[in-house]
Amino acid sequence: MDFSLRIPPFGLQKRESRWDYLEPLQKAAMALELTWAALSGLLFIFIVFKLFRIRVESTPRGPYILLALVSFTFALGDALNAVQLREDIDVFDWFKVISASSIFRAFSQVFVYAVLLWLTHIRGQAFGGSRPGSSSPIVARTWKRVVDWVLVAVTFIYIVALNAYSTTKNLSHIRRIYNNNYSSAEYDDYEEFVKISQKLQHVSTALSLLLAIDVVASLFVLWFAQRRAKFTDSVVTRLLITSAPFVPPLTAMWLFYDIWVAKGIQSILKANLAYVIIEGVCQIGIFASVVSTIDLHTDNDPSGSSSYLNQASNPAYKA
């Protein structure tokens, strides 16, 4: 995932109206980002509305509160990314805006997987509680939960640190050009920085790939364990059918964008437009899929009053 090194749609000097200088592919990407931001904002409002209406004793609030934050940051990141294309700002402000946008988008892309893992942990615990005397499924064990959250935290911290490093270096590079204080040695240093950044980006993509594999594998492992025990879990089934399919194309897009060898500005713009399309469809798809599971916790509670986890301890209970 490249959240830091972007090609500015303008030169070093501020123009009267940058919109007239944008390529059609850039305008298309901006329109899509605004669309994704609007949809994600509507989902955020809907999630908040649902959170005020659910029963705390039957539905876990934590994952859905995190989902609300994720959808909000995704909307904010896409909106900022679109605004920096449309508004006339100098290159220094551009880097600051794109840096903020990158952090918001990094949060949404990492922690949307954390939401899926958190729900998997909760459903795994419920499944284990429904079988007294049996060992808990792997996804519900303490070591697995620790590994999952450590992977989430390390991935996000690494991406933010890489973004800060890249932004600082780029701003320093631009300032030297503005001040006419730029030697051939400094140019060579910047070229070396670009090469190092690309290598560091591979690590970011590898961490994201591991996180994606962890999410899909956890859902499949829990679903197979429940199926062997003839334990029907509507939430896990819904996530596996409607959320998991969005993970591979989203991860593949990160890999594609990371290894893309640009042969010109048009190649970069095409890659960016493809990234915006696939990222938006997959992110909104996962958001909507997880939101649709809110009522399943309550619907699966046969008593209408007891906690889901308590009900799950009853061998006759179907989750």
Side-chain angles (χ1 to χ4, degrees), residues 1-10 18 22 25-26 29-30 32-37 40-41 44 69-87 89-114 152-174 190 193-194 196-209 211-212 250-251 253-260 262 268-269 271-280 282-284 286-287:
M1 296 179 293
D2 188 353
F3 296 103
S4 53
L5 296 178
R6 304 271 181 150
I7 303 299
F10 45 82
R18 184 161 10 116
L22 294 181
L25 292 176
Q26 289 176 298
M30 189 201 75
L32 284 171
E33 287 180 324
L34 289 176
T35 301
W36 302 143
S40 186
F44 167 75
L69 292 175
V70 168
S71 62
F72 178 76
T73 55
F74 180 73
L76 193 56
D78 267 16
L80 284 175
N81 206 44
V83 166
Q84 60 82 20
L85 281 175
R86 182 65 182 87
E87 296 300 320
I89 55 178
D90 61 35
V91 67
F92 296 105
D93 291 335
W94 182 88
F95 272 110
K96 294 175 183 178
V97 172
I98 205 65
S99 178
S101 170
S102 298
I103 292 175
F104 288 133
R105 296 176 73 175
F107 181 90
S108 66
Q109 292 192 358
V110 171
F111 281 91
V112 70
Y113 286 165
V152 168
V154 169
T155 302
F156 179 67
I157 292 172
Y158 182 88
I159 292 173
V160 172
L162 178 58
N163 177 73
Y165 167 71
S166 299
T167 301
T168 301
K169 284 288 187 178
N170 280 315
L171 285 174
S172 176
H173 169 70
I174 296 300
Y190 184 75
F193 152 71
V194 172
I196 293 174
S197 294
Q198 291 173 345
K199 293 178 181 178
L200 293 175
Q201 188 62 46
H202 295 330
V203 177
S204 171
T205 303
L207 288 171
S208 302
L209 178 60
L211 189 57
L250 183 58
T251 307
M253 189 62 236
W254 293 341
L255 290 171
F256 168 76
Y257 201 89
D258 187 26
I259 65 178
W260 180 274
I268 295 174
L269 297 181
N272 188 63
L273 179 60
Y275 186 98
V276 170
I277 293 172
I278 296 177
E279 178 197 41
C282 293
Q283 288 278 62
I284 297 297
I286 294 175
F287 295 165

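Because the structure is a prediction, the values reported are computed rather than measured.
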_F44 and F72 aromatic ring geometry - parallel, tilted or perpendicular at 30°/60° bounds_ =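 Judged by the thresholds at 30° and 60°, the geometry between F72 and F44 is tilted.
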*asked:* Please determine whether ring pair (Phe, Tyr, Trp, His ring centres under 6.0 Å) holds for the pair F74 and F111, giving the CA-CA distance in whole Å, both sets of side-chain angles, and the decisive distance to 0.1 Å.
replied: CA-CA 11 Å; F74 180 73; F111 281 91; over 10 Å; no
State whether the side chain of [X] and the backbone N or O of [Y] hold a donor-acceptor pair below 3.5 Å, judged by distance alone.
X	Y	result
S172	T168	no
S166	L162	yes
S101	G77	yes

Mind listing the closest non-hydrogen atom pair of [X] and [Y] along with its distance?
X	Y	value
S197	Y165	OG-CE2, 4.0 Å
L211	V152	CD1-CG2, 3.7 Å
V112	F287	CG2-CE2, 3.6 Å
T73	F104	O-CB, 3.5 Å
Y275	R105	CE2-NH2, 3.9 Å
D78	E33	CB-O, 3.5 Å

Enter the distance from [X]:[atom1] to [Y]:[atom2] here, rounded to the nearest 0.5 Å.
X	Y	atom1	atom2	result
L209	T155	CG	OG1	10.5 Å
I277	N272	CD1	CG	10.0 Å
L200	T205	CG	OG1	11.0 Å

_Any heavy-atom pair between the side chains of S208 and T251 that's under 4.5 Å?_
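No, their side chains stay 4.5 Å or more apart.
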*asked:* Would you say that L273 contacts L32 through its side chain, given a criterion of any heavy-atom pair below 4.5 Å between the two side chains?
replied: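 Yes - at least one pair of side-chain heavy atoms lies under 4.5 Å apart.
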*By side-chain contact (heavy atoms from CB on, under 4.5 Å), which residues pair with L34, not counting sequence neighbours?*
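So L34 forms a side-chain contact (heavy atoms from CB on, under 4.5 Å) with M30, A82.
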*Could you check S108 against Q283 for side chain to side chain contact (heavy atoms under 4.5 Å, CB included), going step by step and ending with a plain yes or no?*
CA-CA 9 Å; S108 66; Q283 288 278 62; 3.6 Å; yes
_Determine whether I159 and L207 satisfy the following criterion, side chain to side chain contact (heavy atoms under 4.5 Å, CB included), listing intermediate values before the conclusion._
CA-CA 9 Å; I159 292 173; L207 288 171; over 6 Å; no
*Check step by step if side chain to side chain contact (heavy atoms under 4.5 Å, CB included) holds for V276 and W36.*
CA-CA 9 Å; V276 170; W36 302 143; 3.8 Å; yes
